[in-house]
Amino acid sequence: MKRETQINVNAEKFSADLIDWFEKNKRELPWRENKDPYKIWVSEIMLQQTKVDTVIPYFHHFIEKFPTIKDLAAADEQEVLKAWEGLGYYSRARNLQSAVKEVALEYNSKVPDHVDALSSLKGVGPYTRGAILSIAYDKPEPAVDGNVMRVMSRVLNIAEDIAKQRTRKVFEDNIRAIIPADNPSSFNQGLMELGALICTPKAPACMLCPVQKHCQAFALGIQDELPVKTKAKKQKRIPYFAFVGTDDKGAVLIEQRPADGLLANLWQFPMVAKQQMDIEHAASWFRANYGLHVKVVRELSPIKHVFSHLVWQVEVYRIAILGGELTAQDAVLVSIPELDQYPLPVSHQKIKEQMICLT
DNA sequence: AATTCGGGGGT
DNA sequence: ACCCCAGAATT
């Protein structure tokens with residue numbers, strides 16, 4: 001018979017062993033220095049689909065630049081994106097600032113401590129909501145991320161596909177039945193820490209596991225079979241041309257990407273899908289789209305950049321801007337030092353490095 | 001329910 | 001290559 005929750009574990013003893021291990025073995029992380037809900041919030045957004053080691057330097061810089069809700073609410077989006085440059089999933093940064101503005105305006109700059117108010121904030125989903133409520137406000141709410149699903153799929157022997165959206169609810173139901181009211185923060189963080197350090201995706205360190213005696217998968221010797229997760233499909237490859245152009249004063253031509261979609265509002269060197277333009281027609285394409293008279297100088301090193309769902313293969317050309325008047329709305333000519341103010345995706349940072357080297 | 005959003009590191 | 005990562009928004 002199938003049940004909503006399958007509590008084949010002693011909740012009290014499991015929690016006690018988990019929390020005891022966490023308190024003794026937790027890593028010292030910058031967002032664990034205090035319980036400032038704003039800092040917890042920023043860290044949770046940065047940590048979405050992103051490893052701790054990657055986040056740490058970004059977190060330090062971000063908090064130094066935007067120490068409080070009011071600072072972030074008052075900042076230019078451009079500055080926020082620049083602080084996020086290279087971290088990826090840039091809508092996180094834009095949604096975070098949007099939500100912070102909402103908190104500044106509607107909640108007197110205090111991060112909400114209730115489910116409904118938190119959920120209404122942009123970029124705050126079920127996981128982040130639970131993380132803020134449990135870690136910043138000590139409320140016994142589940143915070144189910146990939147770590148938690150991996151750990152609990154093994155502890156409770158749950159074989160549902162964790163790639164499915166609805167599976168998260170199964171784990172939330174189970175966590176609700178186990179999470180202790182007196183220390184939900186260490187419980188939730190303990191599950192994640194355990195997933196990161198011991199109960200790893202491959203070759204979990206079961207011999208070092210503080211909750212080994214509670215683990216169904218270990219008892220059955222099936223820890224390597226869990227969790228069950230269907231495979232993602234292959235990325236689509238898209239070939240592009242990109243152009244590094246400077247005028248007679250050494251100013252560089254860049255353009256801002258659209259406000260929606262991939263790398264929204266970031267800046268880039270002019271780029272066009274190969275499918276849309278033949279390189280023989282580059283000069284007339286620039287005349288038509290930018291109002292500029294250009295000449296292709298030579299080809300630089302191509303860039304290959306892999307995203308979650310697609311791959312850019314970019315042929316890069318050095319061009320000279322000989323004249324004309326810039327007509328493209330979202331394009332600007334900037335000096336090399338000024339270029340540092342503009343947030344570029346990593347793919348175009350690579351192109352920028354090539355250009356700086358050759359200058 | 002499936003797809004779209006980045007980028008880095010491990011194996 | 002393929003996998004994963006303190007997921008959320010959109011379609």
Side-chain angles (χ1 to χ4, degrees), chain A residues 22 26-27 29-32 40-59 81 84-96 98-99 118-136 142-151 161-169 171-172 175 185 187-197 199-204 227 229-237 257-266 303-312 343-350:
Chain A
F22 175 70
K26 64 182 174 187
R27 293 168 287 183
L29 300 174
W31 47 90
R32 286 180 177 164
I40 304 288
W41 182 9
V42 170
S43 75
E44 293 302 341
I45 300 298
M46 285 188 170
L47 285 161
Q48 289 170 7
Q49 299 294 287
T50 311
K51 299 239 195 234
V52 164
D53 290 341
T54 302
V55 166
I56 290 173
Y58 282 92
F59 180 83
L81 286 174
W84 212 271
E85 183 185 57
L87 196 52
Y89 286 145
Y90 299 95
S91 67
R92 291 185 295 177
R94 302 201 302 140
N95 286 338
L96 174 60
S98 170
L118 274 175
S119 296
S120 72
L121 298 173
K122 283 188 184 173
V124 178
Y127 163 76
T128 304
R129 177 184 72 213
I132 292 172
L133 287 173
S134 61
I135 299 172
V144 175
D145 70 338
N147 286 309
V148 173
M149 287 197 284
R150 182 173 59 257
V151 170
D161 182 1
I162 66 167
K164 303 282 187 192
Q165 206 43 277
R166 66 169 178 277
T167 301
R168 191 198 72 247
K169 289 179 178 293
F171 288 94
E172 285 176 347
I175 296 293
S185 172
F187 178 85
N188 281 341
Q189 291 188 78
L191 284 179
M192 294 187 272
E193 198 82 340
L194 190 66
L197 301 180
C199 195
T200 46
K202 290 176 183 173
K229 186 176 184 181
T230 52
K231 300 185 201 308
K233 59 177 192 180
K234 268 182 60 179
Q235 306 104 314
K236 193 184 299 182
R237 314 178 82 82
R257 294 179 58 86
D260 301 304
L262 186 67
L263 305 168
N265 280 3
L266 270 69
I303 300 285
K304 177 187 173 186
H305 195 77
V306 179
F307 298 87
S308 323
H309 58 301
L310 52 90
V311 181
W312 280 0
L344 305 181
V346 168
S347 49
H348 284 253
Q349 290 178 45
K350 294 174 191 167

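The chains referred to below are lettered A, B, ... by the order of the sequence lines, with proteins before strands, and numbering in each begins at 1.
Atoms CD and CG, on Gln49(A) and Leu87(A) in that order, are 12.0 Å from each other to the nearest 0.5 Å. Considering CE of Met192(A) and OH of Tyr127(A), their distance stands at 3.5 Å, rounded to 0.5 Å. Expressed to the nearest 0.5 Å, how far CD1 of Ile135(A) lies from OG of Ser43(A) amounts to 7.0 Å. The distance from atom CD1 of Ile40(A) to atom OG1 of Thr128(A), rounded to the nearest 0.5 Å, is 12.0 Å.
Here Trp31(A) lies in heavy-atom contact (under 4.0 Å) with a base. Among the heavy atoms of the strands, none lies under 4.0 Å from Val148(A). Looking at heavy-atom distances under 4.0 Å, Leu87(A) makes contact with a base. Using a 4.0 Å heavy-atom distance criterion, Gly86(A) is classed as a sugar-phosphate-only contact. In this structure, Ser91(A) reaches neither bases nor backbone, as no heavy-atom distance under 4.0 Å exists between it and the strands shown.
Look at the C1' atom in both dA6(C) and dT3(B): the space between them is 22 Å, to the nearest Å. For dA8(C) and dG9(B), the C1' atoms lie 23 Å apart once the distance is rounded to whole Å.
Checking dG6(B), dC3(C), dA2(B) against the side-chain heavy atoms of Tyr90(A) singles out dG6(B) as nearest. With dC3(C), dG7(B), dA8(C) as the choices, the nucleotide that has an atom nearest any side-chain atom of Lys231(A) turns out to be dC3(C). Considering only side-chain atoms of Phe307(A), the nucleotide from dC4(C), dT3(B), dG7(B) that sits closest is dG7(B).
The interatomic distance linking Lys202(A) (NZ) with dC2(C) (P) rounds to 12 Å, in whole Å. The distance between atom CD of Gln165(A) and atom C1' of dA9(C), rounded to the nearest whole Å, is 10 Å. Atom-to-atom, CG of Leu121(A) to P of dG7(C) comes out at 19 Å; the value is rounded to the nearest Å. Atom CD in Glu44(A) sits about 9 Å away from atom P in dG7(C), given to the nearest Å. Here the P atom of nucleotide dG7(B) and the NZ atom of Lys350(A) are 8 Å apart, to the nearest Å. Distance CD1 (Ile132(A)) to P (dG7(C)): 14 Å, rounded to an integer number of Å. To the nearest angstrom, P of dA9(C) lies 10 Å from NZ of Lys122(A). Atom C1' of nucleotide dA6(C) and atom OH of Tyr127(A) are separated by 3 Å, given to the nearest angstrom.
Look at Lys233(A) and you'll find a side-chain N or O under 4.0 angstrom from OP1 or OP2 of dT3(B). Residue His305(A) places at least one side-chain N or O under 4.0 Å from the OP1 or OP2 atom of dG7(B). Phosphate proximity of dG7(B) to Lys51(A): absent, as no side-chain N or O sits under 4.0 Å from OP1 or OP2. When the side-chain nitrogen and oxygen atoms of His309(A) are compared with OP1 and OP2 of dT3(B), none of them lie within a distance under 4.0 Å. The side chain of Gln49(A) places no N or O atom within less than 4.0 Å of a non-bridging phosphate oxygen (OP1 or OP2) of dC5(C). Contact annotation: Arg94(A) does not reach the phosphate of dC5(B) (side-chain N/O to OP1 or OP2, under 4.0 Å). Contact check, Arg168(A) against dG7(C): no side-chain N or O comes under 4.0 Å of OP1 or OP2.
Base-pair partner of dG7(C): dC5(B) (Watson-Crick or G-U wobble, both distances under 3.5 Å).
Contact annotation: side chain of Thr128(A) to base of dG7(C), donor-acceptor pair absent below 3.5 Å. For Thr50(A) and dG6(B), a side-chain-to-base donor-acceptor distance below 3.5 Å is present, hydrogens and geometry of angles not being considered. Between the side chain of Tyr89(A) and the base of dG6(B), at least one donor-acceptor pair of N or O atoms lies under 3.5 Å.
With Arg94(A) contributing its side chain and Ala259(A) its backbone, the two residues share a donor-acceptor pair below 3.5 Å.
Ranked by how close their nearest DNA chain B nucleotide is to the 5' end, Thr54(A) and Arg166(A) are led by Arg166(A). Nearest-nucleotide positions on DNA chain C place Leu29(A) closer to the 5' end than the other of Leu29(A) and Ser119(A).
Shown here is Lys350(A), whose NZ atom has more than 12 heavy atoms of other residues, nucleotides or ligands within 6.0 Å.
Ring geometry for Phe307(A) versus Trp312(A): interplanar angle over 60°, hence perpendicular rather than tilted (30 to 60°).
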